[in-house]
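To keep things clear, I will list the structure first and then write my remarks on it.
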Amino acid sequence: MADVAALNTAGVAADAVSKDLAGPRGARPRRAISRRNVFLYGTLFVISVYYLLPLYVMIVTSLKGMPEIRLGNVFSPPMEITFEPWVKAWAEACTGLNCDGLSRGFWNSVQITVPSVILSIAIASLNGYALANWRFKGADVFFTILIFGAFIPYQVMLYPMVIILREIGLYGSLSGLVLVHTIFGMPILTLLFRNYFTSLPEELFKAARVDGAGFWGIYFKIMLPMSLPIFVVALIIQITGIWNDFLFGVVYTRPESYPMTVQLNNIVNSVQGVKEYNVNMAATLLTGLVPLIVYFASGKLFVRGIAAGAVKG
Amino acid sequence: MSVSIKELTLSFGDVEVLKRLDLEIERGEFLVLLGSSGCGKSTLLNCIAGLLDITDGQIFINGRNVTWEQPKDRGIGMVFQSYALYPQMTVEGNLSFGLKNARVPKDEIARRIARAAEILHMGPLLKRKPAQLSGGQRQRVAIGRALVRDVDVFLFDEPLSNLDAKLRAELRVEIKRLHQQLENTTMIYVTHDQIEAMTLADRIAIMRAGSIQQLAEPHTIYNRPVNKYVAGFIGSPSINLIDGTIEMNGVPSFVAGRTRIGIERYAFSGNGPKPGGATFGIRPEHIFLGRAAAEEPFTAEVDVEVIEPMGADTLVWSKLDGHELRFRVDGQVPIRTGERVPIGFDPARASIFDAETEMRL
Amino acid sequence: MPQQRRPNQLFRNLHAKVAAIPMILTATIVFVGGTLWTVLYSFTSSGLLPRLNFVGLAQYERLWSTRRWLVSVENLAIFGVGKMVFALVIGFVLAALLDQKIRFENTFRTILLYPFALSFIVTGLVWQWILNPDFGVQSVVRGLGWESFSFDPLYNPDIVIYGILIAALWQTTGLVMCLMLAGLRGIDEDIWKAARVDGIPMWKTYLFIVIPMMRPVLITALVIIATAIVKVYDLVVAQTSGGPGIASEVPAKYVYDMMFSSQNLGQGFAASTMMLLSVLIVVIPWAYLEFGGRKRHG
């Protein structure tokens with residue numbers, strides 16, 4: 001009988017071993033198409049389609065002729081592609097009595113954006129540098145006011161700015177608008193540069209001082225060469241921000257020097273004449289082209305600009 | 001005097017970071033400012049460099065009052081913890097930046113760079129950018145940048161703290177060699193590492209909460225700390241401290257519970273022993289075990305609680321009548337947890353502090 | 001040894017002070033000066049030109065009895081609540097989806113964020129076209145056979161503000177998503193591992209552990225959205241011009257129209273002061289929590 005018992009225990013042991021062997025082993029089985037993935041990518045795909053729809057609608061509408069638009073709907077692709085709406089939007093569309101198209105607004109916007117971007121970044125980077133490295137008494141007070149200024153609705157300062165511009169003789173001129181953009185871009189840019197310069201190792205600044213470099217020497221020879229990425233971020237923020245501005249353009253310039261956004265709105269929302277939706281969409285797309293190009297060209301830096309622009313103490 | 005600081009005070013708002021501090025540094029001296037973080041040692045160095053505006057007091061360098069001079073005009077060179085090399089410039093550019101700012105003639109710049117490169121063995125590195133250098137090489141360039149300024153006073157702000165242990169030891173020797181090579185060059189060196197302080201310094205200033213606790217040669221600091229803080233700060237593992245009282249019936253002795261230590265051979269400072277509360281400090285490396293212990297003036301038996309073998313030697317945590325006592329024995333000595341072993345030491349090598357003022361008696 | 005006197009503090013860091021002059025002028029003259037000026041003149045009867053003949057609170061009384069202003073405020077409230085809730089929720093959900101270690105993350109992010117690069121004018125005009133009842137969504141659905149389908153927000157005074165909300169959300173959610181994604185990425189990976197070891201379901205981890213940890217990002221997003229809500233102007237101008245009738249008017253538009261078209265500066269000043277007030281109600285507690293608390297610790 002003892003033999004049987006021994007046999008039994010041996011059998012149990014063998015069972016245990018075989019059980020162990022039967023369990024999962026090796027690499028985890030991978031399923032490319034899991035339910036989770038179908039849901040995840042499916043959702044993202046649908047959302048992406050929704051987000052892309054307006055861009056698609058703009059493009060297809062701008063490539064259709066008016067008869068085709070009247071027949072179909074906004075989503076149907078063009079049966080016959082025509083570039084005439086683009087030509088018309090650029091060179092012939094009317095605002096009021098002027099019928100020379102959006103090109104005028106485009107060049108106005110260029111003349112506004114280029115100096116505004118350069119001036120605002122130059123001033124704000126100096127501010128940020130002074131605030132980060134050369135703290136002087138009272139600097140923080142002005143900085144706090146500046147940051148509060150970023151939150152104050154522009155409407156509160158609209159009219160006082162009109163008076164200031166009138167007093168210094170720049171009201172209605174492009175240089176006046178450049179000044180306005182420089183002033184109202186200052187809070188966010190100063191914050192951006194201050195935070196960046198603060199994040200640079202302070203010892204570098206100290207070393208430069210021991211080496212006898214002064215305020216401007218350190219700025220140009222040490223800080224600037226180290227800060228190219230943040231300047232690109234500022235450039236992106238400012239180009240898109242100033243190009244997209246509407247309020248300042250409409251308040252501080254005269255009709256002949258309206259920026260592109262204001263002119264676009266006047267063309268599309270003018271009550272005179274027959275609505276030419278294809279021309280309108282071509283004009284809209286043209287106006288959105290500059291920031292879109294900046295966006296797609298800058299990629300990750302744009303995201304970084306957003307994170308930086310998102311006021312962080 | 002090479003550097004002399006008189007009644008220097010620095011406050012940020014209500015916080016006094018440095019308190020009426022006096023310090024005289026000889027020409028050619030290697031002075032180490034040692035202390036834990038936040039004691040004000042780096043702040044003091046920055047004040048000497050002119051990178052921080054002081055609230056009150058005066059700073060003299062080479063007999064000239066430089067209290068309100070710009071850093072560049074003080075005749076100093078400075079080496080930083082993070083190296084602080086200008087990343088966009090080559091090594092040569094880093095070395096020459098200060099000289100160009102001072103409008104030193106070109107051939108003179110070249111001569112000085114060549115000399116620094118030779119002293120610090122970095123000739124092949126001159127055309128490289130800092131990013132292409134190792135940590136040790138970077139710090140060598142940073143030292144070179146101070147060297148080319150041709151100044152009498154070098155300021156080091158924790159220069160080795162960012163390096164790994166092996167490189168740290170190497171560069172430590174190199175800095176010492178540099179100091180010997182450059183005659184009459186004063187070096188002020190900030191660190192929190194007591195090994196660096198002990199090995200490099202002619203004199204060490206131990207700082208705490210904005211004031212200097214003790215300023216003396218390393219040997220004195222180690223053997224005769226002025227107060228309990230300095231005693232505890234210097235030495236690793238740290239000094240054993242036992243609270244008790246001094247009694248004067250016949251011979252002076254230190255009493256803690258049932259333990260009685262005769263201190264008649266202890267060199268009291270000032271007026272000699274007085275009865276009252278005191279703390280008895282004895283360094284772990286001054287306690288001996290077994291046969292060696294028997295020859296010491298004080299002997300006792302202790303219970304071994306924990307042993308930490310470290311190879312060359314073993315650190316023993318034990319209890320002497322309930323008082324914790326750490327001591328160090330040779331790594332080859334067999335010793336086990338739970339054993340009761342005889343130990344001994346010479347009370348003359350101890351440090352005794354007043355219980356209230358914590359000052360050395 | 002000779003004593004040396006402390007140099008004049010005014011000339012220390014002189015270059016830094018000179019470089020900061022534009023900032024100092026902007027902060028004092030434009031921001032503080034301009035704001036105080038507007039508040040001051042909101043108590044006057046200024047019409048075509050600003051004049052200092054005080055009329056007490058008359059402008060405010062008139063403001064709050066003007067139907068157009070009341071509609072504007074109501075619209076802003078609906079728009080604000082809607083935008084705040086949906087932007088935060090959608091933004092967070094999108095960020096959580098993108099945070100699942102998916103492939104093509106960059107592509108998806110690029111698609112979701114591009115509307116933010118476009119101006120409100122462009123956004124408004126596109127959605128005006130898509131929501132056009134004769135050619136847009138409504139006609140498409142009807143074309144599919146659902147003849148009675150009706151969706152014409154831009155021509156229906158009751159729901160026009162929702163039409164604007166749709167466009168605004170399309171433009172902004174990408175930004176909120178980016179902020180949230182940065183917040184999610186900032187959370188220690190070990191938190192996820194710990195939650196997994198503890199067997200906590202994913203949705204619970206998000207709701208009870210991750211979201212509370214993202215407090216700073218959430219507050220940042222909240223402040224950004226809130227200030228943007230108050231400033232909403234161009235979008236309405238482009239999409240509806242405030243119509244039909246006055247059904248989609250907003251405060252910012254009221255201010256502009258009063259100041260620059262109706263020659264009624266006093267009303268404009270009073271209305272903009274009300275806007276300022278509403279922003280301060282949001283910003284001051286936030287600034288106090290964010291910066292006031294930190295100062296006490298430092």
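Just so it is clear: chains get the letters A, B, ... in the order the sequence lines come, proteins before strands, and each one is counted from 1. Keep in mind that this is a model prediction, so the values were computed, not measured.
In this structure, OG1 on C/Thr173 lies 2.5 Å from OH on A/Tyr51, to the nearest 0.5 angstrom.
In this structure, chain A has no heavy atom under 4.5 Å from any part of C/Phe120. Of the two parts of A/Arg36, only the side chain, counted from C-beta on, holds a non-hydrogen atom closer than 4.5 Å to a non-hydrogen atom of chain C. Contact annotation for C/Ser241: only side-chain heavy atoms (C-beta onward) come within less than 4.5 Å of a heavy atom of chain A. Interface residue C/Val237: backbone and side-chain heavy atoms are both found under 4.5 Å from chain A. Heavy atoms closer than 4.5 Å to chain A are found in both the backbone and the side chain of C/Val126. Looking at C/Leu36, there are no atoms closer than 4.5 Å to chain A (heavy atoms on both sides), in backbone or side chain. Residue C/Pro115 touches chain A through its side chain alone, counting heavy-atom pairs closer than 4.5 Å. Looking at A/Ile236, there are no atoms closer than 4.5 Å to chain C (heavy atoms on both sides), in backbone or side chain. For A/Ile163, the part sitting under 4.5 Å from any heavy atom of chain C is the side chain, from C-beta outward, and nothing else. At a 4.5 Å heavy-atom cutoff, the contact between C/Val283 and chain A is made by side-chain atoms alone. Interface remark: C/Thr227 contributes side-chain atoms only to the contact with chain A (heavy atom separation under 4.5 Å). Proximity to chain C is absent for every atom of A/Trp243, based on heavy atoms less than 4.5 angstrom apart. Interface remark: C/Leu181 contributes no atoms to any contact with chain A (heavy atom separation under 4.5 Å). There is no contact between A/Tyr219 and chain C, counting heavy-atom distances below 4.5 Å. Both the backbone and the side chain of A/Val250 come within less than 4.5 Å of a heavy atom in chain C. Proximity to chain C is limited to the side chain of A/Thr43, based on heavy atoms less than 4.5 angstrom apart. For chain C, the nearby parts of A/Leu146 are the backbone and the side chain; heavy atoms of each come within less than 4.5 Å. For A/Ile183, the parts lying under 4.5 angstrom from a heavy atom of chain C are both the backbone and the side chain. With a threshold of 4.5 angstrom between heavy atoms, A/Phe296 approaches chain C through side-chain atoms but not through N, CA, C or O. When heavy atoms are compared at a cutoff of 4.5 Å, C/Leu25 does not approach chain A at all. Only the side chain of C/Val255 has a heavy atom closer than 4.5 Å to any heavy atom of chain A. When heavy atoms are compared at a cutoff of 4.5 Å, A/Val156 approaches chain C by way of both its backbone and its side chain. With a threshold of 4.5 angstrom between heavy atoms, C/Tyr114 approaches chain A through its backbone and through its side chain.
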Exercise. Any chance you could lay out the side-chain hydrogen bond (donor to acceptor under 3.5 Å, both in side chains) test for C/Ser272 and A/Tyr154, step after step, and finish with the verdict?
Key: CA-CA 9 Å; C/Ser272 56; A/Tyr154 296 140; over 6 Å; no
Practice problem: Step by step, work out the ring-ring contact (aromatic ring centres under 6.0 Å, His included) result for A/Phe248 and A/Phe184. | Solution: CA-CA 10 Å; A/Phe248 295 144; A/Phe184 288 103; 4.9 Å; yes
Exercise. Take A/Phe45 and A/Tyr41, measure what ring-ring contact (aromatic ring centres under 6.0 Å, His included) needs, and give me the verdict at the end.
Key: CA-CA 6 Å; A/Phe45 180 75; A/Tyr41 287 97; over 10 Å; no
Practice problem: Determine, step by step, whether A/Tyr277 and C/Trp129 satisfy the side-chain hydrogen bond (donor to acceptor under 3.5 Å, both in side chains) criterion, reporting the C-alpha distance in whole Å, the side-chain angles of both residues, the deciding distance to 0.1 Å, and the verdict. | Solution: CA-CA 8 Å; A/Tyr277 298 111; C/Trp129 176 230; over 6 Å; no
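Between C/Trp37 and C/Phe269, the two ring planes are perpendicular [angle over 60°; tilted spans 30° to 60°]. The aromatic rings of A/Trp216 and C/His15 sit perpendicular, their planes meeting at an angle over 60°, well past the 30° parallel limit. Using the six-membered ring where Trp is involved, A/Tyr171 and A/Tyr252 have ring planes that are perpendicular, over 60° apart on the 30 and 60° scheme.
With C/Leu125 as the fixed residue, the side chain to side chain contact (heavy atoms under 4.5 Å, CB included) test singles out one of A/Leu285, A/Asn280, A/Leu264: A/Leu264. No option in A/Ile237, A/Ile188, A/Thr182 other than A/Thr182 meets the side chain to side chain contact (heavy atoms under 4.5 Å, CB included) test with A/Ser120.
Ranked by non-hydrogen atom pairs under 4.5 Å with chain C, the options A/Gly149, A/Gly288, A/Pro54 are led by A/Pro54. For chain C, the option among A/Phe143, A/Tyr159, A/Trp134 with the highest count of heavy-atom pairs below 4.5 Å is A/Tyr159. Contacts with chain C were tallied for A/Val294, A/Thr240, A/Ile69, A/Leu126; A/Ile69 has the most, counting heavy-atom pairs under 4.5 Å.
Checked for salt-bridge contact, A/Glu276 and A/Arg70 miss the test: no charged N lies under 4.0 Å from a carboxylate O.
Under the 6.0 Å cut-off for aromatic ring centres, A/Tyr295 and C/Phe116 do not qualify, their centroids lying 6.0 Å or more apart. Aromatic pair C/Tyr233/C/Tyr256: ring centres closer than 6.0 Å.
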